Amino acid sequence: MQMKNIDIRAVLSSLIAYIPVLGIVMLAVALPFRYGWVQRTALYMAGIGYLIDFVYNRRFVGWHWTRDKWVYVLMMLFFLITPVRQLFDPCPPTCYFRGQLEVRTAFFAIGLIGLLGWNNHTNICRYVGYTMLLVSLGIVVYIGALHLSLGDVPGWEHGHRSVFNAIAHQYVGAHMRLDFYFNLAIIFSFYLLHKTHSKWQIVAIVAADMVLIARLLCSDGRSGMLAMLFVVVSGLLFYLCKFASKRMIVLSVLFLVLLGGVAISQNERLDHDRLESEPRLAIWDYALRQIDRHPLVGYGLSSASVQFVENAYQDESMQTYIRFITNTPALSKEQCHSMAVVNPHNLYLQLTLENGIFFPLLFVLICALSIAHCPKSKRLCMALTAFLILWQAVFDSFSPHFPPMLLCLCLWLMMLPDTTTHQSAEMHCLGLSNPFRKKRGESIAKDRDHIESVSSELRQRHGNETITRADSVDR
């Protein structure tokens, strides 16, 4: 029995093609947790692996400019403005500046990948969607298991809800980051439901969504719970309007409004008294007063990180917040005097402080153009993703709670065109190779030769038929 010859080059090409895919999937696994070596490893694997795949597998063949690439150009511009602005900043680069520049590199990296193009044959959006759902479920199960084993720990407030959230904060991460990740997982589940035809997969995805919805309803995060209600209601209305009767739509909307009202009334942090004493209101007011001094060009990231903190310790309206953070045992003295803790808690205010009023407008423009240029099959998911990002930006700055890599990754994934099975089947019937699996231009040459041979054969047949008809007329 003869063994088939193994094409080493083809095997190597496939392995190289999967390196960036593995890096992106690893990134999706690591992003809900604290920034560390796992995320750095995944970033390097995805970035370097993509460049190797782009060159070795000749992904640049057939590259052309499309209008959606403007989104990626703006992403790269969004990153480059900060280091260029630093050249005119009288304050030398601070530790906060270097940390922010590192995490914001995601805008440049994702922008570069989007500009060059993702010609990999894998449906990376589907991989990441299932990964985020599984990771989210794993986190909820892990926190629940710790809750059952630890019980009511001294020093924590009693009650299942408060203890559950305290365990999540101590062993996994802050509620804002987890809620943001869970909401994105729900949005990706809408995409998966749209693409799958298996009843068992649909049941499993819906069951996973129900677990995440229950977790978000009992979260300490107010913005995450409200965002979840909007995302779920929008998704359900979209599908109900397509497949259900008007009576079913009305009943579903009433049920969701009732459920949302109960959830909001049960959340202690949405109490009227708590909202009136919300520290963010004082921080936002203080940030606006700082912006009034340099509204057009801002302070620069380094100067903003120094002056915002120094002035906060001298401002009377900020003293309540300053006493709160200085009396928090988990925060060191250096952290209390850093913009990592003393920040506007609002991305739009933070960006205006750094580079002026036009900088947050650029961020909003990136999200808006992403909706305009995404595939129609992902329009709903992209709109919900952009809404979630813009909503989260109201309550947090770029930080471990609101990682730029996560939002850039999701925008890019929703921008990618779907690899349709119909197109692959059509190419297979024509005898052409998969256009997503070009091996150093060999498949392109084979396809061209095949098309030319079929065309010449058709022309020859047409010529023979013409001669036969002419002979029959003469007779």
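Computed from heavy atoms alone, side chains included, the values below leave out hydrogens, waters and symmetry copies. Since the model is a prediction, treat every value here as computed from it, not as a measurement.
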Donor-acceptor pair, Y56 side chain versus A17 backbone, under 3.5 Å? no
Is S13 reaching over with its side chain to a backbone N or O of A10, donor-acceptor style, under 3.5 angstrom? no
Has the side chain of T196 got a donor or acceptor atom that lies under 3.5 Å from a matching backbone atom of L192? no
N/O donor-acceptor pair under 3.5 Å between Q39 side chain and F33 backbone: yes
Are more than 12 heavy atoms, taken from residues, nucleotides or ligands other than W200, located less than 6.0 Å from that residue's CH2 atom? no
Indicate yes or no for a side-chain donor-acceptor contact from W63 to the backbone of G117 under 3.5 Å, with no hydrogens or angles considered. no
Does the side chain to side chain donor-acceptor pair (under 3.5 Å) test come out yes or no for S302 and Q86, once each step is laid out? CA-CA 7 Å; S302 292; Q86 178 61 34; 3.0 Å; yes
Distance check, rounded to the nearest 0.5 Å: S136 atom OG versus L212 atom CG? 5.0 Å
Where do D396 and F402 come nearest, in terms of heavy atoms and distance? O-CD2, 3.9 Å
Please tabulate, one pair per line, all N/O donor-acceptor pairs under 3.5 Å involving side-chain atoms of residues 91-98, not counting sequence neighbours.
| from | atom 1 | to | atom 2 | distance (Å) |
| --- | --- | --- | --- | --- |
| T94 | OG1 | F97 | N | 3.1 |
| T94 | OG1 | S305 | OG | 3.4 |
| Y96 | OH | Q350 | NE2 | 2.9 |
| R98 | NH1 | P93 | O | 3.4 |

Would you name the heavy atoms of R40 and E102 that are closest together and state the gap between them? NE-OE2, 3.3 Å
Enumerate the residue pairs fulfilling ring-ring contact (aromatic ring centres under 6.0 Å, His included) with a member in residues 124-144, sequence neighbours excluded, ordered by first and then second residue. none
Is L74 close to L369 at the side-chain level, that is, under 4.5 Å between some pair of heavy atoms? yes
Verify, without hydrogens or angle tests, whether R280 (side chain) and F395 (backbone) share a donor-acceptor contact under 3.5 angstrom. yes
Heavy-atom count around I357 CD1 within 6.0 Å, excluding the residue itself: above 12? no
Are V297 and F88 packed together at the side-chain level, in the sense that at least one heavy-atom pair is separated by less than 4.5 angstrom? no
Looking only at heavy atoms, which two atoms of M405 and A106 are closest? And how far apart? CE-CB, 3.4 Å
Please give me the minimum heavy-atom distance between F79 and P83, naming the atom from each residue. O-CD, 2.9 Å
Go through the steps for L301 and D89 under the test side-chain contact (heavy atoms from CB on, under 4.5 Å), then give the verdict. CA-CA 8 Å; L301 181 53; D89 192 339; 5.7 Å; no
Using side-chain contact (heavy atoms from CB on, under 4.5 Å), reason through W412 and M75 one step at a time and then give a plain yes or no. CA-CA 10 Å; W412 170 67; M75 280 187 174; 5.6 Å; no
Interatomic distance, CG@N183 vs CZ@F230, rounded to 0.5 Å, equals 11.5 Å
side-chain contact (heavy atoms from CB on, under 4.5 Å) assessment of H194 paired with K378: CA-CA 9 Å; H194 179 68; K378 295 181 179 178; over 6 Å; no
Check for a donor-acceptor pair, side chain of Y181 on one end and backbone N or O of V135 on the other, with a separation under 3.5 Å. no
Measure the CG-CG distance between L349 and N343 for me, rounded to the nearest 0.5 Å. 10.5 Å
Output the distance between atom OG (S377) and atom CE (M382), rounded to the nearest 0.5 Å. 11.0 Å
Around F358, counting heavy atoms of other residues, nucleotides and ligands shown, do more than 12 lie under 6.0 Å from its CZ? no
If you round to the nearest 0.5 Å, how far is CD1 of I16 from OH of Y50? 14.5 Å
The reported gap from CG in L406 to CG in L411 (rounded to nearest 0.5 angstrom) is 9.5 Å
Exam field: side chain W284 to backbone H345, donor-acceptor pair closer than 3.5 Å: yes
Quick one: closest heavy-atom pair of L388 and F180, and the distance? CG-CE1, 3.7 Å
With side chains defined as the heavy atoms from C-beta onward, is the minimum distance between R85 and E354 less than 4.5 Å? no
I want to check something: taking the side chain as every heavy atom from C-beta on, are F188 and C410 in contact at a cut-off of under 4.5 Å? yes
Got T385 and L413 here, is their nearest side-chain heavy-atom distance under 4.5 Å? no
In the structure I gave you, are the side-chain heavy atoms of R215 and V211 within less than 4.5 Å of one another anywhere? no
Expected output: side-chain Q100 to main-chain F398 donor-acceptor under 3.5 Å: yes
Would you check if the side chain of R59 reaches a backbone N or O of W118 as a donor-acceptor pair within less than 3.5 Å? no
Between S223 and Q392, the two heavy atoms sitting closest are OG-OE1, 4.4 Å
Before you tell me yes or no, could you show the steps for L390 and F363 under side-chain contact (heavy atoms from CB on, under 4.5 Å), namely the whole-Å CA-CA distance, both residues' side-chain angles and the distance that decides it to 0.1 Å? CA-CA 9 Å; L390 296 174; F363 178 76; 4.0 Å; yes
Does atom CH2 of W70 have more than 12 heavy-atom neighbours from other groups under 6.0 Å away? no
